[in-house]
Every structure is written in structure tokens, then in C-alpha cells.
2 protein chains.
Amino acid sequence: MADVKGGPNPLFLREEELRQAMELLFFAYRDFTGEPDQILADYGFGRAHHRVIYFVGRNPGITVSELLAILRITKQSLSRVLSQLVADGFITQRPGLRDRRQRLLDLTDKGRELENKLTEQQRVRIARAYRSAGAEAVEGFRTVLINIIDAADRGRFDRPELAGRPAAAKTPPTKTAGRR
Amino acid sequence: MADVKGGPNPLFLREEELRQAMELLFFAYRDFTGEPDQILADYGFGRAHHRVIYFVGRNPGITVSELLAILRITKQSLSRVLSQLVADGFITQRPGLRDRRQRLLDLTDKGRELENKLTEQQRVRIARAYRSAGAEAVEGFRTVLINIIDAADRGRFDRPELAGRPAAAKTPPTKTAGRR
DNA sequence: CTTTTACGTCAGCCATATTGACATATCTAC
DNA sequence: GTAGATATGTCAATATGGCTGACGTAAAAG
């Protein structure tokens, strides 16, 4: 890991700094995901259900393939939680308009309600952190995280568009679906 | 980059921004943890083993209680992977000096080797992200993440000390161990 | 018509987490 | 020294969420 000390170190990426980054990610994710789990337990759901509900809520009409690409799990793993969510009335399926093989997914009102309940504490946590860190730090946070993410998925964060654009998260129908 | 021009909008914490933060965390963690798993599979290990190896390597002589507090899992869950790692010669146990009930954990050479192999790609990923984001963004990244983490664990990141101080990661023997 | 794609499902496997109960060694306090 | 708390280990039972491989169907695309 090239330990070139001295001077205005262009290699300020020393071991310790990198380790701290790794740990920051670990602890932040641990605490970020820690809270919704109790609520989920009340419904007999797990973290996987939360992820599905979240991304369906975020991308109404998302296809199964797109969801698989986001979650990076297998069709079967998704299938299990998804059918549960459909059976329990949190998510609806409808055939695709242009491609009727697809099953476009949407939250029901009940689903939206649960989604909101689940992300509530997470929003509070982030908001608190953003507030005390300040706008400039938030920009840095975003920049670094985007660069940690695989290049293929960085497009999802193209720009916050603080004006409220819904953010084209669906990825235009390129051949990108089903990677892995 | 800071797009907050104009009025110092106190409500820059709008829904969309918070959602993006949540997704950044999800995608970054997904990709950050994605790579070591293949290596682990070669050893018949899972992500839990990685976490144990990592934190033992980071905190030589750590006790089981401290490890439990970090990982936030049950004694039994830890016990399983830990005994495996000890049996396979990646970790050694020795009785505590002041308190002989404790079993202080350390990596063996073999353990250090595996640890290095596992975190290698993660270090590269972070280093790349840090490099292209720049020092200022890195500071923001750290600040926000620390604020996302539960207050109880923020002390672990007291200061990077870019001058090379090893950073007291062990948390002085306060009564902090064993929360939860 | 054939091939490919999108999706579903069945069967079986494994890793990781949980709770609860109990055992042992050791430290601490009285 | 005895009592109680602490640090750790372990057993049993259970659940979740991943995985692979195989197979099936419907529809799009050539």
C-alpha cells in the first residue's frame, strides 16, 4: 500500500484513513438498518421485505428484472419475499404495457403506509446527520459515496435536482437488465 | 458542487435528498461488501467471519464482549464463527491478564494474511473513491457518516490524526462493553 | 417458426441470525 | 469463605435470506 510519507503527501490514503472509512461504512450501515427491523418483525417480515418495499415505492411500475439488478440477489430469493408481499396486499402486479411478459410492481396504499412507517426513523437519522454536518459536508458525503458505488450504478444519482425532479431511476430500456 | 446557492434554505432536507442518502448508503454498502465474499467462499466462510477477522485484526487482544458490542449480534452467533476461526487457526485466544475470565482474541499470521486478502479490494475501492473525490469531500463524508452512527459509537472515530497516530480504537476500559 | 427474454416455481442446501436455558470459571463484595 | 455478578461457552430449536439447478410458460423478436 505504498507508504510514501513526507511532504504534501499525494498519498494521503494511508492505511489508517482507509480503515476508518471501512469502519464508518460498517457502523453507519449497522445503525441505519438497525431500527426498522423491529417494525418488520411485527409484520413477520425481514430486511429483504423492506428493501423490496422501498425500491418499489421509489420506482413505481418497476419490473422484476430491474429490482433484481438493484438488489443483486437471485430471482428465487426475490420471488419468495415478493410473493409474500403481493399475497399480503402490500404490492400489486400488472402486466407491462409494451411488453406483457413483464409484471410491473406498485405499492398499494397499505404498502405505502408500511413503507412510510419503515423509513420514518431512517429519514430522521439522516436528516439529523445532515443538519449537524452542514451542506458542504453533505456534498462531500454524496461525492465519496457515489464514487464508492460501482460505476454502472452511479447514473442513479446523476443530480439531486433540488427542484424536485423525480429522478429517472428506472434506467431506460437498454440491455442492462439481468446483469450477473 | 454545493448547489445551495441563493437563500440559505433551512429546509434543504427535503424528501428527495433524504431518499438519495438512503440509497447511497444501500448501494455503497452493497458494492463495498460485494467483493470479499468470493474469497470467503473459498474458505467456506461467510461475511460474519470477515467481520470477526477484521475487528480482531483492528483491535488485537479484543474481548468477546467488546466484539459483541461492535457486531451487535448474540453470543451464540458470534460463538459459531469464532470457534470455527479458532479451530482453523486464524485466531488465537488467551486469558485476560487482569481478568482471567476473558479470552483475548488475536489474529495468527494466517489470520492476518486472510484479513489482508479480504480487505485488499475494499481498500482499493475506498482509495479510488477518496482520490477522485478529493480531501474536502472526504472530510464531509466522514462528518456525515459519524453523525449517522449512534452517538455511543462515535468515539471510535475521534480524529484521523493524519500525522499517523494509530487512533485509540479500543475504547478505554470504561463500562461501555456489553450494551444491548 | 425459432430463439430469446421475462418471469415463476420446485427442491434442496447453507449461512447467519434469533431466544432460552444451563454450565463453568473467575472476580468482587461482604 | 460465601454469595452474587460477570465473562464466556454451549445446547437445542427456529427463522430468514441467500444460493444453485432444473424446468415451465408466455410473449417478444428475429
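Just so we're on the same page: letters track the sequence lines, and every chain starts at 1. Because the structure is a prediction, the values reported are computed rather than measured.
Note: CG (A:L78) to C1' (C:dA6) measures 13 Å, nearest angstrom. Residue B:R51 contributes atom CZ, which lies 14 Å from atom P of C:dA15 at whole-angstrom precision. Rounded to whole angstrom, the span from the CG atom of A:L105 across to the C1' atom of C:dG8 amounts to 13 Å.
In terms of phosphate contacts, B:H49 brings no side-chain nitrogen or oxygen within less than 4.0 Å of OP1 or OP2 of C:dA15. At C:dT16, none of the side-chain N or O atoms of B:S77 fall inside 4.0 Å of OP1 or OP2 (strictly under the cut-off). Residue A:S79 places no side-chain N or O under 4.0 Å from the OP1 or OP2 atom of C:dG8. Using a 4.0 Å cut-off, some side-chain N or O of A:Q93 falls inside it from OP1 or OP2 of C:dG8.
Remark on DNA chain D: of its neighbouring residues B:V64 and A:R100, the 5'-side contact belongs to B:V64, judged by nearest-heavy-atom nucleotide. In this structure, A:G46 and B:R101 both approach DNA chain D, and ranking their closest nucleotides by distance from the 5' end singles out B:R101.
Residues that satisfy the side-chain hydrogen bond (donor to acceptor under 3.5 Å, both in side chains) test with B:R125, not counting sequence neighbours, are A:D150, B:E35.
Side-chain to base pairing of B:Q76 with D:dT10: one donor and one acceptor N or O lie within less than 3.5 Å of each other. At a cut-off of 3.5 angstrom, counting only N and O atoms as typed in the model, there is no donor on one side facing an acceptor on the other between the side-chain of B:R103 and the base of D:dA7.
Aromatic pair B:Y29/A:F26: centroids not less than 6.0 angstrom apart.
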Applying salt bridge (Lys or Arg N to Asp or Glu O under 4.0 Å), run through B:K110 and B:D88 and close with a yes or a no. CA-CA 10 Å; B:K110 190 177 164 192; B:D88 293 0; over 6 Å; no
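Residue A:R80 is classed as a base contact, given a heavy-atom separation below 4.0 Å to a base.
Side-chain proximity of B:I73 to C:dT18, C:dA25, D:dT8: nearest is C:dT18. Here the nucleotide nearest the side chain of A:K75, chosen from D:dG17, C:dT9, C:dT26, is C:dT9.
Hydrophobic clustering, with ILVMFWY side chains joined whenever heavy atoms are under 4.5 angstrom apart, groups A:F27 together with B:L25.
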